[in-house]
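In what follows, chains are A, B, ... by sequence order, proteins preceding strands, each numbered from 1. In this text, all values refer to a predicted model and were calculated from it rather than measured experimentally.
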2 protein chains.
Amino acid sequence: MKGKATSFDIAHYAGVSQSTVSRALRNSPLVNEETRRRVHEIAKKLNYKVDKNASNLRTQQSSTLALLLFEDPTEDESQINPFFLSMLGSITRACAKEGYDLLVSFQSTSSDWHADYEDSHRADGLILLGYGDYIDYQSKLQTLLDNHTKFVCWGATVDNRPDLTVSCDNYGGGVLAAKHLIDMVRTDCAFIGDASDHSPEFFARFKGFRDTLKAKGIEVSDRKMANAISTEDSGYHATRSLIANNVKFNALFAASDLIAIGAIKALQEAGVRVPHDVHVVGFDNIAAAGYVSPSLTTVQQNTTLAGQMLVDNLLTLIRGEAVASTLLPPKLIVRQSSR
Amino acid sequence: MKGKATSFDIAHYAGVSQSTVSRALRNSPLVNEETRRRVHEIAKKLNYKVDKNASNLRTQQSSTLALLLFEDPTEDESQINPFFLSMLGSITRACAKEGYDLLVSFQSTSSDWHADYEDSHRADGLILLGYGDYIDYQSKLQTLLDNHTKFVCWGATVDNRPDLTVSCDNYGGGVLAAKHLIDMVRTDCAFIGDASDHSPEFFARFKGFRDTLKAKGIEVSDRKMANAISTEDSGYHATRSLIANNVKFNALFAASDLIAIGAIKALQEAGVRVPHDVHVVGFDNIAAAGYVSPSLTTVQQNTTLAGQMLVDNLLTLIRGEAVASTLLPPKLIVRQSSR
DNA sequence: ATACAGTCTGACACCGGTGTCATAATGTCG
DNA sequence: CGACATTATGACACCGGTGTCAGACTGTAT
């Protein structure tokens, strides 16, 4: 036997038509039980596998989802945000559970991304994953909508955007962080992240945090805020700049764990003790949050559930049914950095 | 325009045949420059994308590679070995660079994995990634070979196995670790990992380590060795069992960073100071190695290069050219845990 | 004018399945 | 026995491209 076996080969050996083979292999109730058995047997013997291209071409669907991961182009090549990697893991598992394959692709937000996976029938739908720079591809999301491409986004639900999203309740997470620090009587708070609507997720975390403190009559002054993207490095430098400006605070809320880890490093280098002098709270609960010293108090995002919801919602959308954007509850994980 | 545009639609608008459209879009030198331009223009206007299924079906190749990630089934669902995630990142990038798509799939070593990606023409080749349990799927690799499936494995090159592998020089890495500890005058060494050929990679690391010490007249006694799989938990418990057995040592070589992180935790809990009482050296250089306290001395595997080599070798194999298995040089990263 | 090479294009088979329709074989019932 | 439903199957068009081949058209040498 040279080359792969086709359904015609099976038909030949089974003494039936190719149509019948096709039906038998898909366990159509139309075929005789005995024929079905024989066909399956021969298929197994020939190590036959349905040609996905032919099948997909005919049925006009691919049983495949595509995951597009957007990263800040400044990011170091080899390091990928561990939070997204964790999401990737859960999305992969969720896909497998639903019988779908997953195409993975990294996109640089700076470059033109041609989300042609669906147009070219390589995938039935897209999952878009990434922090920040939403504004940049706002117009591209519109293109996707115009083309009736099926897709779900991870991240903040932005008003006036009709796309389907799954996200953590970032505002609620900020509330949790603030409440915790209030409980610890650490209300002279700094914030590191991006308190603009450039990065809607970080902004929502900040708003929840700020509003909760405000309700207690406490303001987070602009001086105590520094911008950072979600990298250790960025958190480190942002914190150093606060220290250099002689800003005082006894608690620090970082918009992500990586930022928090960089912040702790900067604080420690400056002789500031964590948690004794400054309590630190992060966001995400990446694996490293448990490893750092002191271990990091953080707001956990349930990536397993998130991946499952992204896939479920997308599949529902693909089936043409109605779905609403989903908000997942965050959870506070208290560790050494805040006690 | 309902549904996606096809090459026939373009042909109609351009006033040429569908054949010409197909050629024009692929920039065949056979078509007139003016025609080519017009076709491209219309294609763009119609948002046309070549149907990959049709194209793949005809050309019998998919421009797609599949990554199969094998994990210990005991592993916690949501946590994936960060080393492999890092590999995944670099493989994805390498694929993108070569113009290939990447299908990602997690496999449980315990379950039957039907590596039918290539048979079903979903992928042109496979990349197999995973620690340990190689013995379990040895026979399945043979099946792949029998079917002439193109694939590369990450991991130890095992004698008598004719498959193509890319791996870190694990033996050399073990040598680096031993030499470093000898330099630090810490030769009363323990080893945690798997010193059987059940896990060829861990075993090679151990051999390099042991042989180097032996050359100095130092034996690593069986008492000072404990088995562990590559998880923090497993490293933690293995180390605790050493401590419980009252085993003494002033240095510890762990077969992976996760094991080392668990080991440090167990040591610290037992009141053993790292690095003062015990120097610890890990393997992999995952991101967390830099975060833990004390930060972890480790043998780095260059994942960027590894991913690139896996993809390059696989593509060479697919082209039908000869390739040899590749061994990548490890590099010692000295941090606080050993000084 | 004829022959011939070079350029460009269209017709058509083909990849390997899936879905539809027609039909043969068998069973059932009045 | 004829009408009709049920079951099982084969023939065939079709999905949307790609590769091959034949041929039209132009320009140039004979």
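Straight-line distance from the CZ atom of B:Arg26 to the C1' atom of D:dG17: 8 Å, rounded to whole Å. One interatomic measurement links the two molecules: CD1 of B:Ile10 to C1' of C:dT9, which rounds to 17 Å at whole-angstrom precision. Taking atom CG on A:Leu30 and atom P on C:dT23, their separation rounds to 18 Å, with Å as the unit. Residue A:Glu34 contributes atom CD, which lies 13 Å from atom C1' of D:dA8 at whole-angstrom precision. A:Asp51 places its CG atom 14 Å from the C1' atom of D:dG17, with the value rounded to the nearest Å. As a whole-Å value, the separation of B:Phe8 CZ from C:dC12 P is 12 Å. The CG-C1' distance, from A:Asn32 to D:dT6, rounds to 13 Å in whole Å. One can place NZ of B:Lys49 at 16 Å from C1' of D:dG17, the figure rounded to the nearest angstrom.
With hydrogens and angles ignored, a donor-acceptor pair closer than 3.5 Å exists between the side chain of A:Arg23 and the base of D:dG10. The base of D:dA11 sits with one of its N or O atoms less than 3.5 Å from a complementary donor or acceptor on the side chain of A:Ser19. In terms of polar N and O atoms assigned as donor or acceptor, the side chain of A:Thr6 never comes within less than 3.5 Å of the base of C:dC15 in a complementary pairing.
Shortest non-hydrogen contact noted between A:Gly155 and A:Ser167 is O-CB, 2.8 Å.
Residues A:Ser62 and A:Asn56 bring no donor and acceptor atom of their side chains to less than 3.5 Å of each other. Residues B:His121 and A:Asn53 bring no donor and acceptor atom of their side chains to less than 3.5 Å of each other. With no hydrogens or angles considered, no side-chain donor-acceptor pair links B:Arg26 and B:Ser28 at under 3.5 Å.
With values rounded to the nearest 0.5 angstrom, B:Thr303 atom OG1 is found 12.0 Å from B:Gln308 atom CD.
Close to D:dG10, at under 4.0 Å from its OP1 or OP2, lies a side-chain N or O of A:Thr20. A close approach under 4.0 Å does not occur between any side-chain nitrogen or oxygen of B:Ser55 and OP1 or OP2 of D:dG17. Dashed line: the shortest gap from a side-chain N or O of B:Thr35 to OP1 or OP2 of C:dT9 is under 4.0 Å.
When heavy atoms are screened at a 4.0 angstrom cut-off, B:Ser22 is found touching base atoms of the nucleic acid. Nucleic acid contact for B:Gln60: sugar-phosphate only, since backbone atoms but no base atoms lie under 4.0 Å from a heavy atom of the residue. Within 4.0 Å (heavy atoms only), B:Thr59 reaches sugar-phosphate atoms of the nucleic acid but no base atom.
Nucleotides of DNA chain C nearest to A:Gln18 and B:Ser17 differ in position, and the one nearer the 5' end is that of B:Ser17. Along DNA chain C, the nucleotide nearest to B:Ala54 and the one nearest to B:Pro29 differ in position, and the one closer to the 5' end is contacted by B:Pro29.
Closest approach to the A:Ser7 side chain among D:dG10, C:dG17, D:dG17 is made by C:dG17 (side chain taken as heavy atoms from C-beta onward).
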